[in-house]
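Just so we're on the same page: letters track the sequence lines, and every chain starts at 1.
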Amino acid sequence: MLAREAATWPGVVYSVDYRYLCSEPGQNIIKDAIREHRLTGVVIAACSPKMHETTFRRAVTSVGLNPFLCECANIREQCSWVHEEKDIATPKAVDLTRMMVEKVRHNHPLEAIKVPLTKRALVIGAGVTGIQAALDIADGGHEVILVERSPSIGGHMAQLSETFPTLDCSQCILTPKMVEVVEHLNIRLHAYSEVEEVSGTVGNFRVRIRKKPRYVDPDLCTSCGDCATACPVTAPNEHDMGMKSRKAIDIPFPQAVPAIYTLDPDTCLGLFPLACDKCRQACVPKAINYDMKPQYVVEEVGAVVVAIGYDLYPMEKLGEYGYDKYVDVIDGLFFERLLSASGPTTGEVRRPSDHRIPKEVVFIQCAGSREPERHKRYCSKICCMYTAKQAMLYQHKVPDGQAYVFYIDVRAGGRDYEEFYHRALEEGVIYVRGKVSRVYQENGKIVVRGVDTIIGSPVEVSADLVVLATAMEPAAGSDKLLSTLKLGATQDGWVREVHPKLRPVESVTQGFYLAGCAQGPKDIPESVAQGGAAASKILALFSSDELTRDPTIARVNELTCIGCFSCRSVCAYSAIERIEIRDKDGDLIREVARVNEGLCQGCGPCAAICPSNSIDIEGITEEQVYAQIMAF
Amino acid sequence: MSASNESTTGTATAETTKEVDALRKVARELLESGAVKMVIGYGEGYTQGKVMPIFLTDPEEVNRLIFDKRCVNNLATYLKKPEIRAMGKVAIVVKGCDARAINVLLLENQARRENLVILGMVCEGVGDPAEEKCLSCLVNTPPVYDHLFGEKIPARGWNEETFAKVEELDAMSPEERWEFWRRHFDRCIKCYACRQVCPICTCTRCITDKNQPQWVPTSPHPMGNYHWNLTRAFHLAGRCVSCNECERACPVDIPLSIINLALVKAVHDQYGFIAGMNSEDSPPLATYKEGEEQEFIK
Amino acid sequence: MAISIHANNFQTLFDSARDAGYRVIAPVRDHTVTLFKPVEKADQIVLDEILPTKSPKEYFLAEHEPILTYCRDKSGKVSIADPSLEEVMQPTLIFGVRPCDAAGPEIIRKVMTWDCDDQFFLRRREASVVVAIACVEADDACFCTSVGQAPDGTEGADILLVPSSDETGAVQEYLVQPVTDKGSEFIKATKGWKEGNPSRAAACDEVKEKLQKRFDPDRVREWLDAGFDDPYWNTATLSCIGCGTCTYLCPTCHCFDIVDEGDLTCGSRVKNWDSCQMCQFTLHASGHNPRATQNERFRQRIMHKFKYYPQLFGVVLCTGCGRCQRSCPVDLALAKLVERIYQLACEPVGT
Amino acid sequence: MAEFHPKIYAFLCNWCTYAGADLAGTSRMLYPADFRVIKVPCTGRIDPEFIVKAFEQGADGIWVSGCHIGDCHYNTGNYYAQRRWTIFRHELDCLGIDLRRLKFTWISAAEGRKFADEAKEFVNRIRDLGPYERFHEIIPAEPELALKTGGGN
C-alpha cells in the first residue's frame, strides 16, 4: 500500500515492497534499481537509521551512488512497533516516508573530509598517568613529546610511601617507569618546561614549549652533587613538604629523573659570579652557566594527552582545623613523607614541632571535601583509603601508638578496598563517625573534639599529631592551561570529557585526550588505566595515514555572512574562524566566518543563532528541514 | 558636501546652547584636522519644525549642527550603510540610547571603534511630549563617547511605568493577546521600515529575503505579517536597545515597542542582561551558565 | 441643475449604495492612523485631515492577491486555476478621496494597459465609483499644483464634492460635481443627494492661493535627461535609510513582486506590493546588484517619476500628495529634492 | 473530539530523544500515533523558524526534545537551545500563542518509557485542546477552496 502510494509522489520513479531489505537479496534490489533507473536518491522505509543506515549507505555506494543520497524512514521502531491503531499507523508510515523522500530530494552528494596527520603525540604532565600514556604510545611505535613543569618527573606518586591496598613501596614501582621514560628512544622529555601555546587542529598541532633555565647544562652535569655541597644557601625542600632543607642548587630527590641539578634563582644569592659563584667553582665538568635564558622549542604533534594531575587543597583554607595555629596539624602528603623510608625522618614518624614520636594521631577525613558551603562540594575519593593506609602504617611503625580516624562515611569501592579498611579496624585503628567541631591546643596536646554520630555523644581526643585528609583540587595553573588549549572545564575546574560515560578520555576538542586526576580525583590504578586508555585512543587515531571526517558539518555562505561571529561564541569546538576579505589593494572589505573542517562536529547551534541564516549544516540543511515540515 | 539643501537650512539657527556651540567647535576641529572624513549629526529639517540627519564634510558647514528635543532619530543606523562605511573614519552625534546601539554594533563586529569619533550628547529626553523611551532612560549620559557635551546627569532608569504596557498585555488571556496583535498586524504592509531604520538590524541579506527556503512569507497576508513581526522581534532579543525607531518609522503605527520591551524584560529577568550598556558582555543567547535549568522543560 | 449633499445625509447615501450592491469604503480611524476601510456608519469616517495615512490605491492594486492556484490530487495529477474575479469585480464606493489620491489610479492605468491589460486592476477600476472631496486645507508637504494636479482636480474621480464651510469654518455641505457618466448614474441610483446649491458658496480658493507651483516638471525632466551622473546624487539622499514607506504610501507607485507559496499538495502564485527602495529589488541571482547603493535607488525613484514615466506616457508619476515627506522617518522630502533639481536646471550655465 | 487526530510535529535530537524513541520501539511500548518526527543532530540546531513554519503548516502541537542538560552529545548545544526557547516562549506568549501547544522535554537514550509517556501526555493534551483554529485562521485558504469558488476567465 505504502509502496503504491509512494509511486505517485513527485520525484519517485521506483518504489517496491520487500520484507528484508537489509538481506543480501534485499540490498541487490536496491542496487539494481539504482542502476536501472539511474536513481539520484534512495529512501529505505524500514527500521531506524541507527540500525542499518550504514548498511544501506554502503550498498548504494557500491553501485556509485553517494552515500549521503540515501536515507532511512523510521517506520518500525517509531511506528509499526509502537502503534496499535492500524488506521492511523499506516498514514503515519506514509507521512514519515513522504517526509524522508522530500528530504532526499534536497540532499546532495557529500565527500568525506580528509585531513593529513602528524603521527607524534604530546603528553602534558609526567606523573604516573602521563608516564604511562607516554610509554604506551612510544611502545606503539610513535614519537612522544613529554612535558613536565617541575625539575623531575614522577609527580605526586614519587612522594608517596606505600600504596593501598597492597602496601607496596610507591617509589619502588614508579622509579623503573621513570627510568624507562628517559631511556625510551621514542620519548623526548622536556622536564622543567611548560606548554606555552598550542595552535592547529586534530592531526596537526603546533606546540610551543618554554624550557625554564636550570642554569645547569644537562649534557655536562654528572649529578655528582659537588655544587650542592658547595652551595651556602639552604631552603625548604618541596619534595619533603619543607620538612627537610635543600640547597639553592640541588636535585629534588635522589631518584629524580632527569638526574640533573637545578639552580633555583629565587633562593640563589644571585645569578652573577660576584655574589657567590661557589657552585660554579665547585663544578668540575663546568656545567653551571648563570647566563642561561629560557629556551623555546616548537614541536609538531597530531594528538595531545592532558595529564596535568592535581594539587592538595591548601591547608591555609582549613583554619577550622587549626592548621595555621599548630605546626602539628599536617596534611596527608606531609604524613606520606614522614612514613617514607626516603623521607626526611627516614621513615620514622616524628612530629614537626619537637620531633617527638606521636603516641596519639588523629586523622580527619573529608577535610575540605564534601563541604559545598565552605570548601569543595565533591568527594576526593582517595582519602578514605590512604587514611586507612596511613593509620595502619603508623601503628606498624609505632606499636604503642593509637590512630583515630574521624570520618563521615568510609567509601571503599574497589577490589580489596573494603577488605583493606577492615584490616585497619582489626589492627586497632579507632574510627569515629562524626565531623570534627573544634581543634585546639591544651597543655602540649592538640585536642580534637567532635560528635560520634553513632553513639550520639561528644568525643574528645588529645592528640600529638593531627593529619588532615585534605581535598584534591585541579593542579595550580590548570585553568590557564585549559584556556590556552581551549578545553572545557567542569564547574569545579577539572578537564571536561566529551561524554562522561562513553567517551571518558576524549576532551571536547578533537585531538585532545585527558587522563588521570586532571579529570577528577582518582587513585593510582584508575589514573594508570586512563593513561593507557588515552594512549590507545591515540594509537587508533595514528593507525591511518590521514583523518577522514564525516562531511555533515557546518558551511558558511560568505556572500551573506556579515561577520557578527555569534556563531563563534556558541561553537563548542572553536571551529569557526575569522576570515578577512580584502580588495585587490589589500584593503579590508569585511570579515566573514569560515568553518574549520577539521574541528566542526556539525551540531548546529551556529546555524540556529545566525541572524541571516548564512550558516547551514550539511546533512540537515534548512532546505531539508523545510522540505520535511512542508511534506506533512 | 551636505545634503545640499542650503535653500532651506544653510544658515545657523539663531540662538544655540553652549553644548551645541561646543559640538560645532569640535566638529570643525575634526573636519579641519582631517581627523574624520565626515560628521553625522542633526540639522534643521526640510519640514518646518522637523530635524533631519545631516552629513558634513565641509568645516564651513558645522553651524548647521543642532541638538534639541526634536532630535529623536537614532543616527547610529547610518553606521550600517555601505556608503558611510566606505568613508572610513567618521564622527557621529549620539544620545545615550544611540550610543547603546553603537555598543551593540561594536560587540557584534559591525563597527570599528577606531573608525568612530563619538560625539555624546547628555540628553534629558527628546520629543514633545517626551518620547516614551525617554521616561525610563538608562543612559541620559551616553555609555560610550569620545567627546561629551553637557554635564553628566544621572539616568532616569527603569520604573514601574517602563513595562506597564507589557504587563497590561500579560494581564490579558492568550486569546486577547492574539486578537490584540492580529488587529495591529493586519495593518502591516511589509514595507520593512522597522527593519531599515533599526540600527541593530545589520544583516545585508535579511532572513525574510532568503527564499531558499522561504521561512518568512513575503506576502502581507495575516500569516506573513504575523511571522515577519515575530521573527523581527526575536532576532533583536537581547540586542534591542529600545531606541524605538521601529515604532516611530512604522507608517501604520504598529506598537512594536511592546514586543521589543517584552523581550528586553524577559532577557533581563532571566539573565540579568541589558543590551548596549557596554561592548563586552556576550549576548544572552550566545552564552549560557552551567547548571541552568528551566522548569518548563520536563 | 446644481446638486449638493449635506454631511447628515452621508448615512443615507451609504445605505442606499449598499442597497444598490456597493461595498462602501471611506477613511476611518484605525488605532492612531487613518485608512480606507469598509464602513457601516457615516460618523465613523474621517474627513477633517489633510490626507489619510494610506491612499486608496490598494482598492485597485491589491497589496496581496493570488493570481493562480495549483493543486495535486492523490493520483499526482496537477490542476491549475485562476482565482475568482467575483471579489475583484465587486462594485465599490470609495468615498472621501482627495483629488491627489483620486488621480493616482488614473495615472497608473497607463502602465496597467500598456503592453497588456491588467485584468485585476481594470476590473476593480470598472467596478468602483470614486467620490472625491476637494481640499480646503494643505500643509507644506502638499505640492499637487507643481505636478499638474489641483486641490479641486477631478482626474480619476467619478464625482467631486466641493466643500462649503459655514461661518465657523466647519464643513457641513458640499457642492456635487458629477465628473463621469458612471458618476451621474451613481447619483441617480443612490439617495442622500439634494437638488440646488449649498446654502453658502463652495470653493477652495484659499488653499489654491497657498499651493503655489514649486517647480516645473518639464524643466526638471530636461535636467534629469543629462543629470544621471550628476554629483548631486552622491550627497542629496545620503540620509535615506531605504525603508519602503514612501513607495508603499505613494498613490502612484505600483511595483509588485510575484512569488509562489504552497506545499506538495497545493499552493498559489501571489502578487505583492514591492518597492524600488529595497536593495533586493534589483538584486541578480549572480549576486550582482545594478543599483547597489541607496543613492542609486533614490535616483531611480526620481528618474522613474519625473523622467521615464513622462517619456513613456506623457504624465508625471506623482500627484503631489506629499505622503513621502509626511511619513519619512528622516524627513527626506522628495518635493524638496525635485525643487532643488529645478533650481539646478534654472541656474545659468557656468555658475 | 475522540475522533480528532491532531497534527503534531516532533523535533528530536539524534543522540538522546530519537534514540529514546527507538528504545520505546524495541521495547514495544505503545503510544498514540498522532505525531511525526523530524530528526535533528542537536536541539541546539533548532531554529525557531522551524517551529513557526510547523504552525504555519497547520500544526496543532509541536514537541521539541533533546538530551538532558549536561548530557548533550555536543556538550553545550542544549544549553543554548534552552536559552533560545526560554526567550522564544516569552515572545510566543506575548504574541498570544497558546503555550499548551508547545512541549519541551529532555529525554535520554535510556528513557524509552519516558518517551512513550510524554508522547501519550502530549497527544492527549492536544486531542483535548482540539484543532488550533485560532492559528489556522491566519493561514491562507487552501487553494482547493479557491478553486471551488474560482470561476476563472
Euclidean distance, [Y] [atom2] relative to [X] [atom1], rounded to 0.5 Å:
X        : Y        : atom1 : atom2 : value
A:Ser48  : D:Leu23  : OG    : CG    : 11.0 Å
A:Gln628 : D:Tyr9   : CD    : OH    : 10.0 Å
D:Glu49  : A:Asn613 : CD    : CG    : 6.5 Å
A:Ile629 : D:Ile62  : CD1   : CD1   : 8.0 Å
A:Met100 : D:Lys39  : CE    : NZ    : 7.0 Å

Neighbour count above 12 (heavy atom, 6.0 Å) for A:Lys537 NZ = no
More than 12 heavy atoms of other residues, nucleotides or ligands under 6.0 Å from CZ of D:Arg100: is that the case?
->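 Open: at most 12 neighbouring heavy atoms sit under 6.0 Å from CZ of D:Arg100.
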Side chain, backbone, both or neither: which part of [X] has an atom under 4.5 Å from a heavy atom of chain D?
X        : result
A:Glu71  : neither
A:Glu622 : both
A:Ser569 : backbone
A:Arg76  : neither

Selection from [options] maximising heavy-atom pairs under 4.5 Å formed with chain A:
options                            : value
D:Asp22, D:Asn14, D:Asp47          : D:Asp22
D:Thr76, D:Thr26, D:Asp34          : D:Thr26
D:Ser27, D:Ala33, D:Pro41          : D:Ala33
D:Ala81, D:Gly44, D:Gly70, D:Gly58 : D:Gly44

If you take all heavy atoms of D:Gly77 and A:Pro605, which pair is closest and at what distance?
->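 Reported closest heavy-atom pair: CA-CG, 4.0 Å.
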Please report the closest heavy-atom contact between D:Val37 and A:Leu96, naming both atoms and the distance.
->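 Of all heavy-atom pairs spanning D:Val37 and A:Leu96, the closest is N-CD2, 3.9 Å.
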Any donor and acceptor pair, going by atom type alone, linking the side chain of [X] with main-chain N or O of [Y] inside 3.5 Å?
X       : Y        : result
D:Arg36 : A:Met99  : no
D:Tyr74 : A:Ala572 : no
A:Lys50 : D:Tyr18  : no
A:His83 : D:Leu30  : no

At a 4.5 Å cut-off on heavy atoms, which part of [X] comes close to chain A: side chain, backbone, both, or neither?
X       : value
D:Tyr80 : side chain
D:Ala19 : both
D:Phe35 : both

Check the pair A:Phe632, D:Gln57 against side chain to side chain contact (heavy atoms under 4.5 Å, CB included), reporting the backbone distance first and the verdict last.
-> CA-CA 8 Å; A:Phe632 172 30; D:Gln57 260 308 94; over 6 Å; no
For chain D, the option from A:Cys571, A:Pro49, A:Ser80, A:Ala89 that forms the most heavy-atom pairs under 4.5 Å | A:Pro49
If you count heavy-atom pairs under 4.5 Å with chain D, which of A:Arg496, A:Lys92, A:Met51, A:Glu77 comes out on top?
-> A:Lys92
Check ion pair D:Arg45-A:Asp616 (N to O, under 4.0 angstrom) =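 Between A:Asp616 and D:Arg45 there is a salt bridge, with a charged N closer than 4.0 Å to a carboxylate O.
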